[in-house]
Amino acid sequence: MATTKDARTGRLRAWMLEGLSDMGKGRPSRPVEAAPDAGHQGQRWWRVMCLTGVDYFSTLGYQPGIAALAAGLLSPVATIVLVIVTLAGALPVYRRVAEESPRGEGSIAMLSRLLSFWQGKLFVLTLLGFAATDFLVTITLSAADASTHLVENPHLESALHDKQMIITLVLIALLGAVFLKGFLEAIGVAVALVGLYLGLNVVVVATGLWHVLTEGHVITDWSAALTAEHGNVFAMVGVALLVFPKLALGLSGFETGVAVMPHVQGDPDDTEDRPAGRIRGTKKLLTTAALIMSVFLIATSFITTVLIPQKEFESGGDANGRALAYLAHEYLGNAFGTLYDVSTIAILWFAGASAMAGLLNLMPRYLPKYGMAPHWARAVRPMVIVFTLVAFLVTWIFDADVDAQGGAYATGVLVLICSAAIAVTIAARKAGQKGWTIGFGVISVVFLYTTVVNVIERPDGVKIGACFITGIVLISLLSRLGRAFELRVTHIELDETAERFIQDISRRAPRFIANEPDSRDVAEYRDKIEQIRADNDLPTTEDFVFVEVTVTDPSEFEAGLTVRGEVMHERYRVLTVESSSVPNALAALLLHARDLTGVRPHVYFEWTEGNPFANFFRFFLLGRGEVAPTTREVLREAEPDRDLRPRVHVG
C-alpha cells in the first residue's frame with residue numbers, strides 16, 4: 001500500500017515539474033511548451049497577432065463603457081486623443097522594444113541591463129510587481145466582464161443575476177485547468193476567436209452607424225449637448241486631455257504583443273543574437289493590431305455615446321461593462337445579441353490565457369535566476385496554480401466588479417509603458433540617435449504625466465500594485481535566504497594552467513588554501529602557508545595551491561565560473577576566480593576538482609573576526625563574510641555523503 005502511494009506521489013510530482021531542468025547543470029530551463037527558436041520555426045506574424053489580439057481586441061468588450069463613464073458626451077473626442085497617443089507614442093516605443101529585446105523579455109530586460117547589484121534587482125522586482133498587476137488583473141477583469149455579458153444576457157438574466165462571482169471564479173479555474181493540462185500555443189483557436197469577434201463587431205458598428213445616419217437627430221442632439229456642456233472645441237480638447245488617463249486600458253495590448261514575440265516566424269537565416277525576420281514580423285504585428293484597434297475604438301466610442309442613454313452606462317445600467325452588446329441586442333435582436341455575447345465571453349476568457357502566458361514568460365525568467373523563487377518556480381504547472389489562486393483572491397477582493405478593477409489594470413499598463421518609453425529613450429541616447437532620443441523623451445513625459453494623473457485619481461491601482469510588489473519582494477528575499485547555502489554554479493571552465501595545477505596535486509593529497517587577495521606580494525603567500533601549517537600541524541613537505549575569489553556582483557545568484565591558473569613570484573601556484581559569492585565558488589571548485597581527479601580535496605581557512613550574525617548578512621548581501629562555515633554548509637547540502645565530501649579545515 002505504501003509503495004503504491006509513493007508511486008502515485010512520485011508520478012504527481014513528476015507531472016507537476018515536467019519540463020523543469022536541474023539547476024547548476026548548465027542546461028537552460030525549458031517550459032512545457034517552449035517558444036520556437038530563431039529561424040524558420042514559429043507562426044506567421046498575423047496569426048501571432050491574433051494570439052496577442054485576444055487581449056488587445058477584447059478590450060472592446062468594456063472600453064467603450066469605461067470611456068463613456070470617464071468622459072461622458074466627450075467620449076469620442078477623448079478616444080481620438082487615446083488613438084493619437086497609441087499611434088504616435090506607444091506604437092513607436094514598442095517597435096523599438098521589439099528591436100532591443102527580440103526574445104520577448106520586454107522593457108524590463110532593457111532596464112535591468114542598465115543596473116546591477118541589489119538596486120538593479122529591487123528595481124526589476126518592482127517592475128515585475130506592476131507586470132503582475134497588469135497580467136493578473138487582465139485575467140480577473142476579463143473573466144469578470146465575460147461573466148457580466150453572460151449574466152446580463154436577456155435569456156439568462158433571471159437565472160444568473162446573482163451568480164457573477166461564482167461564474168467569474170469558474171472561468172478563472174477553467175483557464176488554470178487549460179494550462180495545467182498543457183497549454184499549446186492555440187494560435188489556431190485565437191485566429192478563429194479574433195476573426196469571429198472582429199467580424200461581429202464590424203456588423204454591430206455598421207448597424208450603429210446606419211442608425212446614426214438614418215436618425216439624424218442623434219448627432220445634432222449630441223453636438224448640441226456637447227457644446228452646451230463644454231462651450232468650444234478648445235475646451236473640449238482640454239477636457240479630453242485631462243480625462244485621457246482614465247482611458248488608458250485601450251493601451252493594454254502592447255506588452256502582451258512583445259511577450260508573444262518568440263512565437264513569430266523568422267527568416268531561415270535568422271540567428272538567436274539577431275533574428276531580423278522575427279523583429280520585422282513583430283513590427284508588422286504591432287502596427288496592424290494598433291491600426292485595427294484604433295479604427296474600432298473611434299467607431300465604437302462614437303456610436304455608443306450617441307445611441308445609448310448616459311444612465312445605462314452607470315453601475316446597474318444595461319450597458320455597464322457591455323456597451324456594444326447592448327447595441328447588438330437593441331438593434332439586431334436577441335439571437336444575434338446572444339451570438340455576440342458568446343463570442344465576447346470566449347475572447348475575454350481567452351484574453352486571460354494570453355495574460356497567463358505573459359506571466360509564465362516573465363516570472364520564471366527572472367525570479368529563479370535571481371535565487372528569489374523556489375526551484376519549482378521554473379516549471380509551468382506549479383506557477384499556474386499560484387497565479388490561479390492569486391486571481392481568485394483578487395476577484396474576491398474586487399467582488400468581480402469590472403469598474404472597480406479598472407484603476408489597478410490601468411496602473412499596471414501605464415507603468416509598463418512608461419518603463420518601455422524610458423528604456424527606448426536611453427537606448428536611443430546610447431546609440432547616438434539624437435532625433436529619436438528627443439522623440440522618445442517627449443513620449444516618456446506624456447506617459448509619465450498619464451501615469452501620475454491616473455495614480456492620483458485612482459490610488460487603488462497603485463495600492464494593488466504596491467501589494468503585488470511587497471509580496472514579490474518579501475517572498476523573493478525569503479526564498480533567497482532559504483536558498484543561501486545552495487550550490488548555484490551552473491558550470492566551471494578551467495584554463496590549461498589551472499587544470500594542470502589540479503592534476504598535479506591530485507597525485508598527493510590535494511590541498512587548497514582559501515586566500516583573500518591583498519597586496520599579493522611574496523610575504524603574503526609565504527606567511528599564509530606558514531600560518532596554515534602551524535594552525536593545522538602540517539609537515540613542511542605538504543604543498544598547496546592558493547584559491548583567490550574576487551566578488552563581482554553579489555546580487556547575482558547563479559552563474560558559471562572561469563578558473564585561471566598563474567604562478568606568483570615564480571613559486572606559488574594560484575587559482576583566480578570571479579564569482580558573486582566566495583563560499584559558493586570555493587565549494588563548486590572543490591567538488592569539480594574531486595570529480596575531475598577522483599581524489600577528495602582538502603581546503604584550509606582561518607576564522608573570520610567579528611559577530612557571526614553580521615558576517616552571515618555580509619555573506620547574504622555582499623557574497624563574503626564567515627567564509628569557512630558557509631563553504632562547509634554549501635558542501636554539506638551539495639554532497640550528503642560525508643565520505644565523498646571535500647574536507648574543510650579551519651584554524
Side-chain angles (χ1 to χ4, degrees), residues 22-28 112-113 115-121 366 368-372 375 479-499 501-502 510 512-518 520 528 544-566 568 573-596 601-606 608 615-639 645-646 648 650:
D22 291 334
M23 293 178 66
K25 302 297 184 184
R27 297 191 301 271
S112 69
R113 290 195 289 265
L115 296 170
S116 59
F117 297 94
W118 284 105
Q119 64 266 34
K121 301 300 182 294
Y366 291 99
K369 174 186 174 184
Y370 292 168
M372 293 179 170
H375 192 195
S479 174
R480 179 84 179 229
L481 190 62
R483 298 176 64 186
F485 301 114
E486 184 177 300
L487 186 67
R488 56 207 198 210
V489 174
T490 57
H491 63 279
I492 296 179
E493 295 179 3
L494 305 175
D495 71 3
E496 184 179 348
T497 305
E499 185 169 357
F501 288 170
I502 293 175
F512 298 91
I513 295 177
N515 182 52
E516 184 175 356
D518 190 10
R520 305 190 81 197
K528 188 74 171 184
F544 303 91
V545 171
F546 288 91
V547 183
E548 298 178 343
V549 181
T550 301
V551 175
T552 51
D553 182 354
S555 65
E556 288 293 332
F557 187 74
E558 56 178 343
L561 288 185
T562 299
V563 184
R564 297 179 176 85
E566 58 181 313
M568 297 297 294
R573 292 168 296 182
V574 181
L575 299 178
T576 60
V577 185
E578 289 186 349
S579 174
S580 60
S581 167
V582 175
N584 265 276
L586 292 171
L589 178 60
L590 291 169
L591 290 170
H592 185 74
R594 180 203 64 183
D595 296 340
L596 184 66
H602 299 249
V603 63
Y604 295 87
F605 297 91
E606 62 177 293
T608 304
N615 282 330
F616 172 76
F617 281 104
R618 285 183 64 214
F619 158 70
F620 179 70
L621 296 174
L622 304 176
R624 62 182 79 233
E626 194 70 86
V627 176
T630 309
T631 303
R632 191 264 178 189
E633 186 60 23
V634 174
L635 286 169
R636 190 185 66 82
E637 287 204 4
E639 177 52 78
R645 192 184 305 152
V648 175
V650 190

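In this chain, numbering begins with 1 at the start of the sequence shown.
Of the possible polar contacts, none joining the Thr562 side chain to the Glu493 backbone as a donor-acceptor pair under 3.5 Å is found.
In terms of heavy-atom proximity, Ala587 sits nearest to Thr631 at N-CG2, 4.1 Å. The two residues Thr490 and Gly560 come nearest to each other via the heavy atoms OG1-N, 3.2 Å. Closest approach of Leu487 to Asn584, counting heavy atoms only: CA-OD1, 3.5 Å. Between Ser581 and Val549 the shortest heavy-atom distance is O-CG1, 4.4 Å. The nearest pair of heavy atoms linking Val577 to Ala585 is CG1-CB, 4.3 Å. Taking every heavy atom of both residues into account, Val489 and Ala588 meet most closely at CG2-CB, 3.5 Å.
Rounding to the nearest 0.5 Å gives a distance of 8.5 Å between OH of Tyr604 and CD1 of Ile513. Note: Glu548 CD to Thr576 OG1 = 7.5 Å, rounded to the nearest 0.5 Å. With rounding to the nearest 0.5 angstrom, the CG atom of Leu575 is 7.0 Å from the CZ atom of Phe501. The distance from the NZ atom of Lys528 to the CG atom of Asp518 is 10.5 Å, given to the nearest 0.5 Å. Atom CZ of Phe544 is separated from atom NE2 of His602 by 10.5 Å, given to the nearest 0.5 angstrom. Rounding to the nearest 0.5 Å places CD of Glu516 at 9.5 Å from OG1 of Thr550.
Counting heavy atoms from C-beta on, the side chains of Arg632 and Arg645 come closer than 4.5 Å. Looking only at side-chain heavy atoms (C-beta outward), Arg520 and Val574 come within less than 4.5 Å of each other.
Residue His592 forms a side-chain contact (heavy atoms from CB on, under 4.5 Å) with just one option from Ile502, Leu561, Leu494, and that option is Leu494.
Atom CZ of Arg564 has 12 or fewer neighbouring heavy atoms from other residues, nucleotides or ligands inside a 6.0 Å radius.
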